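Whatever order the structure lists ligands and atoms in, that order sets their numbers, starting from 1. Values in this document were obtained by computation on a predicted structure and should not be read as measured data.
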Amino acid sequence: MKQHKIWLSSPHMGGTESDYVAEAFDSNWVAPLGPNVNGFEKDINEFLKGQSNDNYHTAVLTSGTAALHLALIMLGVQRNDAVLVQSFTFCGTTNPVVYQGAKIAFVDSERDTWNMDPIALQEAINALLGQGYGIPGKKEAQGNKGYIRAIMPVHLYGMPAKMEELEDISIETGIPIIEDAAEALGSSYYGRMCGTFGTMSALSFNGNKIITTSGGGALVSHLLKYIEKARFLSTQARDNAPHYQHSVVGYNYRMSNIVAGVGRGQMEVLDLRVSQRRANNKRYRDYFSKIEGVELQSEPNADYFSNFWLTAVIIDPAKTGGIDREYVRLEMEKENIECRPLWKPMHLQPVFEGSDFFGEGVCVELFEKGLCLPSGSNLREDEFERIFEVLNRIFKNESI
Ligand SMILES: Cc1ncc(COP(=O)(O)O)c(C=O)c1O
């Protein structure tokens, strides 16, 4: 008989979520507004502020994808425009650009963090300017081309991108950053929380994330005007009138007070979830330190702090005696243990065939060799034993 399934990353409730949800029922706040919505936003602002003097504003929404979509709308992204997006990501980053009808120029990753390569980004900007794209307030667009409206880096698996270099390019060129921090709540870079970089940032509370509301997301900004506008747009853009009046097209993207109740409970355990995921990562790191040919995604130095949402490894068959990531994945699958290849780069996806890609193809190599290992904060001791048993068999490791 098959043993129970070990998931890559499953929801992990803290215990108080149902109290907040019950409160919503008891007080009949069963709507996309109410005390849990306000409380969850406040909790996120406080968490992101940390010990800093900066203030952040948050609008909780139905998903991280919705947050990115609203950010693009507010930066004026439309048909004929271009957006620079990290290719190595999930489709939640790219799809909202397509909803707006804009072109995506895909940017490669660098090897240190696996995130947007500043050199490839600069190359992409130069190429788009050469094609006639403009930059709002800086350079007029030519012919039928529009404007380069945004740079979208991602912190993959929780690892902060090289934000200093990316911000330098953003400041120099005048192209704003929309930070995709969907996987990186609890990570930080030079002491600053992921989710606070750029003009606007997106968080996700999807079922597999470090904290979850079953489904949900948030838009964060240090500029209140964007968050107020996000609240307006996400509730169908109703003008101030007694009847229903609309001067612009809106969206039904606001988080409900029930779902936000789950979020409030989850915020109480966020720090604990980060330490649990990091402890998982340390366990794998210790294990693979004795195995030739397996490298983990790693913090380049002490200024990078990853929540290690998922532990990801690169398996080089040239050094492991032919063992590759697919072999490991399938051996795990036989034992009912879920592992996943890294995100398939978006420029390789059939839906984006023929798109521009800038870089040497680092993300392609990482995809071919990379695997995410079970990383849930609720992994039990007996489950780790099962995982290491399979790894021992694969790598003929008898020392553990
Ligand atoms: C990098 C990245 N961007 C965007 C998203 C979209 O978030 P959501 O699923 O909440 O729409 C996700 C996750 O799902 C993600 O991993």
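Of the residues Phe358, Phe357, Phe367, the one that meets the ring-ring contact (aromatic ring centres under 6.0 Å, His included) test with His347 is Phe357.
The side-chain tip of Arg283 does not point at the ring of Phe388 from less than 6.0 angstrom away and within 45° of straight on.
Pocket lining of ligand 1, defined as residues with a non-hydrogen atom under 4.0 Å away: Ser63, Gly64, Thr65, Thr89, Phe90, Gly92, Thr93, Val154, Asp180, Ala182, Glu183, Ser204, Asn206, Lys209, Gly216.
The distance from the CG atom of Asp112 to the NZ atom of Lys162 is 3.5 Å, given to the nearest 0.5 Å.
Centroid-to-centroid, the aromatic rings of Trp343 and Phe88 stay 6.0 Å apart or farther. Aromatic ring centroids of Tyr189 and Tyr304 lie under 6.0 Å apart.
Checked against side chain to side chain contact (heavy atoms under 4.5 Å, CB included), Ala218 has the following partners two or more places apart in sequence or in another chain: Ile44, Thr58, Val60, Leu203, Phe205.
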